[in-house]
Amino acid sequence: VRELRVALIGGGGVMGQAHSLGWALAPAMAEIGASVTKAVVADVSDDVAATAAARYGWAESTSDWRSLLTRDDIDVIDIVTPPNLHQPIALAALAAGKHVFVEKPVTNDAAEAAELAEAARQAGVVNQVGFNYRHIPAIGLAKRLIEDGALGVPLQYRTTYLMDPLFVVTDFGWRAKKSTGGSGVVGDIGSHILDIAEYLNGDIVAVTGRLRARPDERGWIDDAERVAQDLTDDAGVWLAEFANGAIGTFAVNGWSSGHKNHLGFELDGTRGAIRFDWNMRDALQISSADDPVEVSGFRTVMSSGEHADVWTPVPGLGLGYTDSTAVQLQKFVRAIVGGGQASPSFADGARTQQIVEAVWESAESGQWVAVAPRGAAVR
Ligand SMILES: NC(=O)c1ccc[n+]([C@@H]2O[C@H](COP(=O)([O-])OP(=O)(O)OC[C@H]3O[C@@H](n4cnc5c(N)ncnc54)[C@H](O)[C@@H]3O)[C@@H](O)[C@H]2O)c1
């Protein structure tokens with residue numbers, strides 16, 4: 001079995017822990033055609049890196065991520081730093097011929113993201129972005145139902161990603177400001193629901209949105225004041241039109257009291273509908289317009305048992321966030337071993353960032369903003 005030696009950059013933070021668990025689980029949950037060695041973890045200081053190495057089981061640690069690129073014994077660079085560092089580190093890793101995984105958002109800037117996607121295409125290595133949620137079985141089932149035509153023609157897509165950390169966390173570190181690498185909720189959690197929306201429905205062609213922030217006890221401040229203060233957006237809403245004719249609504253909010261990582265979507269089609277809620281992530285709710293009217297309604301299908309990538313052989317044993325992190329890494333490894341492309345790629349991440357920026361632009365102008373078709377973007 002081929003050995004893949006991984007280096008994790010930014011491994012002392014939240015996603016450093018999640019990816020460390022993911023790399024440990026990925027080869028254990030299913031056959032992926034390679035063994036994984038957690039070779040080196042890098043972070044800003046020797047202390048932070050050494051602590052992460054000891055706790056999460058990495059063989060070595062360093063405070064100099066550049067030193068990893070010239071090492072022949074590193075095959076994969078996994079980047080989990082704040083987003084403003086993704087592009088320079090990923091470009092250097094691609095130039096060194098490494099396979100590269102990068103957390104979402106791929107960058108905070110669509111032009112930078114397009115440049116990165118082009119560099120990845122030219123490098124010919126496997127590249128993937130950490131949109132972990134789309135990989136879970138219930139969302140896979142949703143995609144199959146849509147593609148098989150079970151829901152008919154897509155009509156309306158409604159999606160939300162609601163959280164309440166802003167009520168309790170006082171120091172948001174790099175996330176608080178654009179200038180320190182913050183993505184705002186549209187780029188941060190909004191990118192996840194945009195990725196899933198296009199994964200399921202295909203291209204978005206136009207958006208119009210509004211963004212707000214609430215830096216103190218007042219309600220929303222004026223958005224121009226937010227931008228002038230270098231603050232990231234705390235909440236956003238936008239409408240979207242899809243190329244397939246469906247219309248959509250999106251809402252993201254860090255000030256949604258009671259909502260705990262509450263990602264969800266609903267799709268209505270001409271023959272039925274589906275409903276998904278991350279807080280009940282093994283289940284997909286399905287309604288068919290063909291059901292007799294007296295028993296029509298949503299039924300709940302538990303989807304985890306039929307999935308080849310997860311270890312749980314019995315439906316209903318339950319998946320978690322860490323499973324989604326591991327499943328995406330399994331797919332990344334399989335693409336390396338099989339010589340294929342991984343998905344979502346840097347090009348997909350750049351595409352998502354293009355829509356994030358269209359939402360930003362429409363919030364500023366108050367107008368609808370057209371999103372260029374995928375083929376027009378650098379792939
Ligand atoms: N997919 C998901 O569900 C999910 C969830 C949370 C965060 N994220 C993404 O993961 C990334 C990291 O977020 P986080 O919450 O883990 O942040 P974090 O602040 O907890 O961790 C970032 C780490 O990067 C390190 N770092 C900063 N500059 C560095 C440098 N020059 N060299 C090496 N290390 C450096 C920091 O010291 C820190 O340990 C972001 O892109 C974020 O959007 C994804």
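When reading the values below, keep in mind they use all heavy atoms of this one structure, side chains included, and skip hydrogens, waters and symmetry mates. First listed ligand is number 1; within each ligand, the first listed atom is number 1. Keep in mind it's a predicted model, so treat the numbers as computed, not measured.
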- In terms of atom number and element, which parts of ligand 1 are under 4.0 angstrom from non-hydrogen atoms of Pro83? 40 (C), 41 (O)
- Heavy-atom closest pair, residues Val80 and Gly11: CG2-N, 4.0 Å
- Message: For Arg271, I'd like to know if atom CZ has over 12 heavy atoms of other residues, nucleotides or ligands within 6.0 Å.
- Response: no
- Pick one of side chain, backbone, both or neither for how Val80 approaches ligand 1, counting any non-hydrogen atom pair under 4.0 Å. backbone
- Item | Proximity to ligand 1 by part of Val48, non-hydrogen separation under 4.0 Å | neither
- In short, Trp58 meets Ser20 closest at the heavy-atom pair NE1-OG, 2.9 Å
- Given Met15, Glu103, Lys104, which one has a non-hydrogen atom that is nearest to atom 42 (C) of ligand 1? Lys104
- Message: Within ligand 1, which atoms have a heavy atom of Trp65 less than 4.0 Å away?
- Response: 32 (N)
- Tyr56 and His19: aromatic ring centres closer than 6.0 Å? no
- Task: Using a strict 4.0 Å cut-off to heavy atoms of His86, name the atoms of ligand 1 that fall inside it.
- Result: 41 (O)
- Query: Judging by distance only, is a nitrogen or oxygen of Val14 under 3.5 angstrom from one on ligand 1?
  - Reply: yes
- Do Asn261 and Tyr133 have side-chain atoms, one donor and one acceptor, less than 3.5 Å apart? yes
- Query: Is the gap between the ring centers of Phe131 and His192 under 6.0 Å?
  - Reply: yes
- Item | ligand 1 contact on Arg175 by region, counting heavy-atom pairs under 4.0 Å | side chain
